[in-house]
Colleague: 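Have a look at this one before I ask anything.
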Amino acid sequence: NAGVMQNPRHLVRRRGQEARLRCSPMKGHSHVYWYRQLPEEGLKFMVYLQKENIIDESGMPKERFSAEFPKEGPSILRIQQVVRGDSAAYFCASSPEGSDGYTFGSGTRLTVV
Amino acid sequence: DAKTTQPPSMDCAEGRAANLPCNHSTISGNEYVYWYRQIHSQGPQYIIHGLKNNETNEMASLIITEDRKSSTLILPHATLRDTAVYYCIVRLPFLTGANSKLTFGKGITLSVRP
């Protein structure tokens, strides 16, 4: 049973480009969470999704960031027009329905140059 | 904001017990104490959680004071691979219907020395 899969592991983008981060939850998990970790800081919650629904996006920056978790396929965190301050590690976690059994992926490290 | 405070760092010798403290003086009656750790460059890993009774699993023990205002995570025989940032988090359990997001503080960096 594979864990939470995130890809790519490392992503380099120039300022102004778009970044797309993918997260495949564990098999049987229907809840996905995205967290961001800026250099030398703790993890900060961004968004919580269930299939085709955004449940809580209170941690998402109001502009340029969006997330989806379609009926089929992985969850996508999309950052438009990236800036240097977006450089961070982005972690995805998943849990099954009716449980708080969080499992984190290994993260995507975004570097904006 | 995180509802917990932890010292920034501590170290211990390999093979000895590591006792990691956490203060959560504003914890409410139905909030649990959770511990996660993050080994360098990896995603956080769940360790243990508890409400008011002491808990033990294959990784660690969790001791919660009677007034629930503080707790201690115990790694009974620390190894070099236990070097990591350890996060103490208080939260409502998902099954209560509350939002299940985790609020991480800065954590405590444990360094296990040979």
Side-chain angles (χ1 to χ4, degrees), chain A residues 2-10 21 23-26 29-50 53-60 67 77 88-111, chain B residues 1-9 20 22-24 30-51 55 57-60 62 81 84-111:
Chain A
V4 178
M5 305 300 293
Q6 291 189 248
N7 65 82
R9 288 296 307 274
H10 301 273
L21 288 63
C23 169
S24 296
M26 286 185 69
H29 286 196
S30 56
H31 301 247
V32 166
Y33 314 82
W34 285 93
Y35 288 78
R36 177 167 67 173
Q37 186 170 33
L38 296 169
E40 308 302 323
E41 295 190 14
L43 288 88
K44 302 296 183 187
F45 168 80
M46 300 182 75
V47 63
Y48 162 34
L49 310 103
Q50 295 180 21
N53 286 304
I54 296 175
I55 307 302
D56 180 358
E57 56 181 347
S58 58
M60 288 281 269
L77 179 67
Y90 292 82
F91 292 97
C92 170
S94 71
S95 67
E97 182 70 34
S99 168
D100 57 4
Y102 256 69
T103 302
F104 280 87
S106 298
T108 293
R109 276 139 193 91
L110 172 66
T111 302
Chain B
D1 288 337
K3 295 179 64 175
T4 62
T5 56
Q6 301 174 257
S9 63
L20 286 69
C22 180
N23 288 321
H24 31 80
N30 52 355
E31 285 182 314
Y32 283 66
V33 179
Y34 281 73
W35 283 83
Y36 284 78
R37 73 179 181 184
Q38 187 175 24
I39 297 171
H40 179 63
S41 297
Q42 298 181 22
Q45 176 189 23
Y46 165 82
I47 301 173
I48 198 167
H49 74 282
L51 182 63
E55 301 288 343
N57 63 21
E58 65 278 4
M59 290 183 68
L62 174 61
R81 288 175 295 181
V85 179
Y86 287 76
Y87 297 97
C88 170
I89 298 169
V90 298
R91 60 176 288 222
L92 293 166
F94 180 84
L95 292 177
T96 66
N99 189 297
S100 61
K101 68 183 179 186
L102 298 175
T103 301
F104 290 84
K106 293 186 183 299
I108 178 172
T109 299
L110 173 66
S111 300

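What you see below is based on every heavy atom in this structure, not just the backbone, and it leaves out hydrogens, waters and symmetry mates. In what follows, every chain begins at residue 1, and chains take the letters A, B, ... in the order their sequences are listed.
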Colleague: Would you check if B:L102 and A:Y33 make a side-chain contact, meaning some heavy-atom pair closer than 4.5 Å?
Modeller: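 Heavy-atom side-chain distance check fails, nothing below 4.5 Å.
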Colleague: Quick check on A:Q6 against chain B: is it the side chain, the backbone, both or neither that has a heavy atom closer than 4.5 Å?
Modeller: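 No part of A:Q6 comes within 4.5 Å of chain B.
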Colleague: Return the NZ to CD distance between B:K106 and A:E40, rounded to the nearest 0.5 Å.
Modeller: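 Nearest 0.5 Å value for the NZ-CD distance: 10.0 Å.
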Colleague: Around A:M60, counting heavy atoms of other residues, nucleotides and ligands shown, do more than 12 lie under 6.0 Å from its CE?
Modeller: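 Atom CE in A:M60 is crowded, with more than 12 foreign heavy atoms closer than 6.0 Å.
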Colleague: Which heavy atom of B:Y87 sits nearest a heavy atom of A:L43, and at what distance?
Modeller: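 Reported closest heavy-atom pair: OH-CD1, 4.0 Å.
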Colleague: Keeping A:Y102 on the side-chain end and B:P44 on the backbone end, is there a donor-acceptor pair under 3.5 Å?
Modeller: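 No, the answer is negative, given that no donor and acceptor are paired below the 3.5 Å cut-off.
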Colleague: B:Q38 versus chain A, heavy atoms under 4.5 Å apart: side chain, backbone, both or neither?
Modeller: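 Side chain only.
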Colleague: Please report the interatomic distance NZ(B:K101) to OH(A:Y35), rounded to the nearest 0.5 Å.
Modeller: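 Answer for the NZ-OH pair, B:K101 versus A:Y35, is 8.5 Å.
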